[in-house]
Amino acid sequence: MELAAGKWDDGIQRRAAASFALHAIAILLLLLLLPKAEPPLTLPDDGLSVEIVPQAVESLKMPEPVKAPLPDEAKPEAAKPEAEPAAPVANNPPAAAMPSAAPITAPMPKPAEFVEPRQLFSDKVLADPRSRRAREALRGLAGSERNLQLCDLEALEQVRRAQPAMAPDTLAPYAMAAEKVSGNSVEVKGGAFRSKRKWYNIQFKCELDAGSGKVVSFAFLVGDAIPQDEWQEHNLVADDGATDQ
């Protein structure tokens, strides 16, 4: 029995070795039958250097998850300028048509006012020794003529004091219009006085005391210069033979 078993084992080993050899031969034959690999193709060397730039791979962006808006969350919007509040609409009834206004008339220019001096000078001028001839001439006059000459003297002195730039030396109370003498009142509306060889318009009102014959009230208004082409018409001359200072 032992001998038979030994023979059995040898037979198994032989069959295994033969099977291994057959497999090795089959693998070798298979390798020989395979096509041979071609050698790699060699590029011609033309002196050009080629630089291969790897293409940038864009980073993959994962889509953001869509969030459902919360009930109290408002969708953000771009800031908008605040609109001006609309003007309140008045529900007033339409106003009645106004009657056409009458054209406005420009006011008349206010006339120049008379100057009422605080001090009178005719009495003082006559008291001066240099006025001796004037005093004698007045004594030879009576009534309205004397009153007129005395008021003329007051007018000349008032102009000299009020406007120092002028040097009045002669006054013609009736040059432009007739004077008005009534009792102890004298009113001149168109008088003229001469200063530095020019003539100027003048108006004045004069009141005298009945007892003393002195001037007690006076008011005057100096006007514009009288054009020279009107002098001859009103008997006005640049001088009376003496130098006009």
Side-chain angles (χ1 to χ4, degrees), residues 106-245:
M108 296 296 293
K110 185 178 180 181
E113 297 181 355
F114 278 71
V115 178
E116 297 183 4
R118 298 180 180 180
Q119 186 177 359
L120 301 174
F121 300 102
S122 56
D123 190 41
K124 183 178 181 179
V125 171
L126 289 173
D128 191 301
R130 292 172 295 183
S131 301
R132 179 175 58 85
R133 288 187 178 182
R135 291 196 300 270
E136 293 176 353
L138 287 174
R139 292 192 189 102
L141 301 175
S144 59
E145 185 63 26
R146 180 185 180 278
N147 292 343
L148 179 60
Q149 293 297 327
L150 192 58
C151 289
D152 290 349
L153 180 62
E154 183 70 40
L156 288 174
E157 191 62 25
Q158 291 292 347
V159 172
R160 183 179 293 109
R161 300 295 183 100
Q163 302 189 24
M166 290 187 170
D169 60 356
T170 302
L171 190 146
Y174 42 80
M176 313 300 289
E179 76 283 2
K180 181 180 179 181
V181 181
S182 176
N184 295 317
S185 299
V186 176
E187 183 176 5
V188 173
K189 294 184 177 181
F193 69 89
R194 186 179 63 190
S195 172
K196 299 180 181 180
R197 302 175 62 85
K198 294 182 180 180
W199 288 90
Y200 299 85
N201 289 292
I202 187 172
Q203 302 178 52
F204 62 82
K205 301 173 183 179
C206 182
E207 295 287 339
L208 300 95
D209 180 68
S212 62
K214 296 180 180 180
V215 176
V216 294
S217 176
F218 190 83
F220 70 103
L221 176 62
V222 175
D224 298 330
I226 301 173
Q228 188 171 358
D229 56 3
E230 298 180 9
W231 290 4
Q232 184 176 1
E233 179 183 355
H234 300 284
N235 298 318
L236 303 175
V237 294
D239 56 59
D240 51 9
T243 303
D244 185 14
Q245 301 296 334

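This structure is a prediction, so every number in the text was calculated from the model and none was measured.
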Counting only pairs under 3.5 Å, give me each side-chain donor-acceptor contact of residues 130-140, with atom names and distances, residues two or more places apart or in other chains.
unit_1 : atom_1 : unit_2 : atom_2 : d
R130   : NE     : D128   : OD1    : 3.2
R130   : NH2    : D128   : OD2    : 3.1
S131   : OG     : V125   : O      : 2.7
R132   : NH1    : E136   : OE2    : 3.2
R135   : NH1    : L126   : O      : 2.4
R135   : NH1    : D128   : O      : 2.9

**OP:** Applying salt bridge (Lys or Arg N to Asp or Glu O under 4.0 Å), name anything that partners K214, two or more places apart in sequence or on another chain.
**Re:** D123
Subject >> Considering all heavy atoms, the nearest L156-P168 contact >> reply: O-CG, 3.7 Å
**OP:** Could you tell me the separation between the CD atom of E187 and the CD atom of E179, rounded to the nearest 0.5 Å?
**Re:** 11.0 Å
Original post:
Any side-chain heavy atom of L120 within less than 4.5 Å of one from Q158?
Top reply: yes
Subject >> Residue pairs involving residues 168-197 (criterion ring-ring contact (aromatic ring centres under 6.0 Å, His included); sequence neighbours excluded) >> reply: F193-Y200
Original post:
In this structure, which one of V188, V181, V186 forms a side-chain contact (heavy atoms from CB on, under 4.5 Å) with P173?
Top reply: V188
Original post:
Can you name the closest pair of heavy atoms from G183 and N147 and give their distance?
Top reply: O-ND2, 3.1 Å
**OP:** Using ring pair (Phe, Tyr, Trp, His ring centres under 6.0 Å) as the criterion, list what pairs up with F121, not counting sequence neighbours.
**Re:** none
**OP:** Could you tell me whether the side chain of K189 and the main chain of K180 form a donor-acceptor pair under 3.5 Å?
**Re:** no
Original post:
If you round to the nearest 0.5 Å, how far is CE of M176 from CD of Q203?
Top reply: 11.0 Å
Original post:
Quick one: side-chain contact (heavy atoms from CB on, under 4.5 Å) partners of S182, sequence neighbours excluded?
Top reply: none
**OP:** Look only at the side chain of S195 and the backbone of A167, and say whether a donor-acceptor pair between them is shorter than 3.5 Å.
**Re:** yes
Subject >> Rounded distance (nearest 0.5 Å) linking atom CD of Q119 with atom CZ of R161 >> reply: 6.5 Å
**OP:** State the OG-CG distance between S144 and L208, to the nearest 0.5 angstrom.
**Re:** 11.5 Å
**OP:** Mark yes or no for whether R197, through its side chain, and D239, through its backbone, hold a donor-acceptor pair below 3.5 Å.
**Re:** no
Subject >> Note, V215 side chain near L150 side chain (heavy atom, < 4.5 Å) >> reply: yes
Original post:
Can you tell me how far CD of E207 sits from CD of E154, rounded to the nearest 0.5 angstrom?
Top reply: 12.5 Å
List, one per line, each side-chain donor-acceptor pair under 3.5 Å for residues 216-238, sequence neighbours excluded.
unit_1 : atom_1 : unit_2 : atom_2 : d
W231   : NE1    : I226   : O      : 3.1
W231   : NE1    : P227   : O      : 3.3
H234   : ND1    : A175   : O      : 3.0

